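Take a look at the structure set out below.
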Amino acid sequence: MLQNIRIVLVNTTHPGNIGAVARAMKNMGLAELCLVEPKMFPHEDADARASGATDLLENALVVGSLDEALEGCHLVVGTSARSRNIPWPLLNPRELGGASSGLGADQKMAVVFGREDRGLTNEELQRCHYHVHIPTEETFSSLNIGAAVQVICYELRMAALQQDSSEDKPQWGTDWDVDLADMQELERMFEHLEQTMIDIEFLDPEKPRQLMPRLRRLFLRALPDKIEVNVLRGILTATQKRLKKSDTDV
Ligand code: SAH
């Protein structure tokens with residue numbers, strides 16, 4: 001199960017922190033590190049702070065966007081030091097461990113960490129199924145990113161150890177008849193939904209308000225499978241076709 005977890009760092013400023021993250025991951029048995037536009041990488045400070053986890057740094061995937069980092073993932077979790085404007089399904093690290101125990105052998109989970117100075121943007125957080133907050137003292141809630149990764153990976157490890165010794169394994173999405181949609185399929189569906197709502201003049205692109213975040217939250221909460229996504233997109237395509245037809249009829 002720990003092999004199915006990808007740690008994603010977005011726009012990390014200090015290379016030393018990337019090294020600290022690699023070390024924290026390797027201590028806990030995680031291996032897959034993905035870096036979205038790190039400011040400086042590779043870097044000697046990263047190697048120094050990794051102290052022996054340099055293999056994780058060498059194998060780290062460096063990508064240009066969060067979308068690329070989430071390719072092939074079925075469950076995406078965003079971490080945040082503070083609460084944001086629209087509430088999202090929220091887990092603590094231990095509950096995240098529980099959710100991860102249900103991952104099927106061919107399902108991948110990404111845990112996303114933000115910038116040292118301002119965390120993840122709302123848009124990035126709205127790509128996630130769940131948010132995770134390490135329950136800190138409210139008036140001093142921001143951990144160093146290496147420390148935050150350590151806490152999360154520790155809980156993932158504890159859950160994995162418990163799962164190994166448990167007969168009755170909880171399953172997340174694996175007792176389903178159809179495979180869950182992955183993040184690329186979901187993103188394409190959201191783009192299609194947004195465009196269709198613009199076409200039917202339900203969504204004003206000049207004044208989008210919180211419509212897309214709310215709909216993203218609704219669909220992500222439902223964990224749609226591949227057929228469900230195809231059906232929804234079929235409805236959107238039919239709506240667009242009917243609209244074109246009625247435009248030409250006028
Ligand atoms: N000042 C930033 C905090 C950034 S800390 C802010 O207000 O958002 C850098 C990253 O470490 C965060 O984006 C998050 O991924 C992780 N992190 C720090 N403290 C955390 C906490 N209490 N719970 C969950 N993640 C945390």
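For ligands, and for the atoms within them, numbers begin at 1 and follow the listed sequence. Fair warning: this is a prediction, and the values are worked out from it, not measured in the lab. What you see below is based on every heavy atom in this structure, not just the backbone, and it leaves out hydrogens, waters and symmetry mates.
Between the side chain of N17 and the backbone N or O of G146, no donor-acceptor pair lies under 3.5 Å.
Ligand 1 places these atoms under 4.0 Å from at least one heavy atom of F113: 15 (O). Those atoms of ligand 1 with a heavy atom of V132 less than 4.0 angstrom away are 24 (C). Within ligand 1, counting atoms from 1 as listed, the ones closer than 4.0 Å to a heavy atom of T79 are 14 (C), 15 (O), 25 (N). Near T136, with a cut-off below 4.0 Å to any heavy atom, the atoms of ligand 1 are 22 (N).
Counting only heavy atoms of the protein, atom 9 (C) of ligand 1 lies nearest to R115 O, 3.4 Å. With hydrogens left out, the protein atom closest to atom 3 (C) of ligand 1 is S142 OG, 3.3 Å, a heavy atom. Of all protein heavy atoms, the one closest to atom 1 (N) of ligand 1 is D117 O, 3.2 Å. Considering only non-hydrogen protein atoms, atom 24 (C) of ligand 1 sits nearest to S80 O, 3.3 Å. Looking only at heavy atoms of the protein, atom 23 (N) of ligand 1 is closest to I134 N, 2.8 Å. Among all protein heavy atoms, the one lying closest to atom 17 (N) of ligand 1 is A148 CB, 3.6 Å. The protein heavy atom nearest to atom 19 (N) of ligand 1 is L143 N, 2.9 Å. The shortest contact between atom 7 (O) of ligand 1 and any protein heavy atom is with R82 NE, 2.6 Å.
The closest approach between I152 and ligand 1 stays at or above 4.0 Å for every heavy atom of the residue.
With salt bridges taken as basic N to acidic carboxylate O contacts below 4.0 Å, one links R127 and D67. Between R82 and E138, none of the side-chain N atoms (NZ, or NE/NH1/NH2) sits under 4.0 Å from a carboxylate O, so this pair counts as no salt bridge. Taking 4.0 Å as the cut-off between side-chain N and carboxylate O, K26 and D55 count as a salt-bridged pair.
Taking a 6.0 Å sphere around CE of M40, one finds it holds more than 12 heavy atoms contributed by other residues, nucleotides or ligands. Atom OH of Y154 sits in a sparse spot, with 12 or fewer heavy atoms from other residues, nucleotides or ligands closer than 6.0 Å. Enclosure of atom CD in E44 is not indicated, since only 12 or fewer non-hydrogen atoms of other residues, nucleotides or ligands lie within 6.0 angstrom.
A donor-acceptor pair shorter than 3.5 Å can be found between the side chains of R23 and S51. For the residue pair E116/T13, the side-chain donor-acceptor check at 3.5 Å is satisfied.
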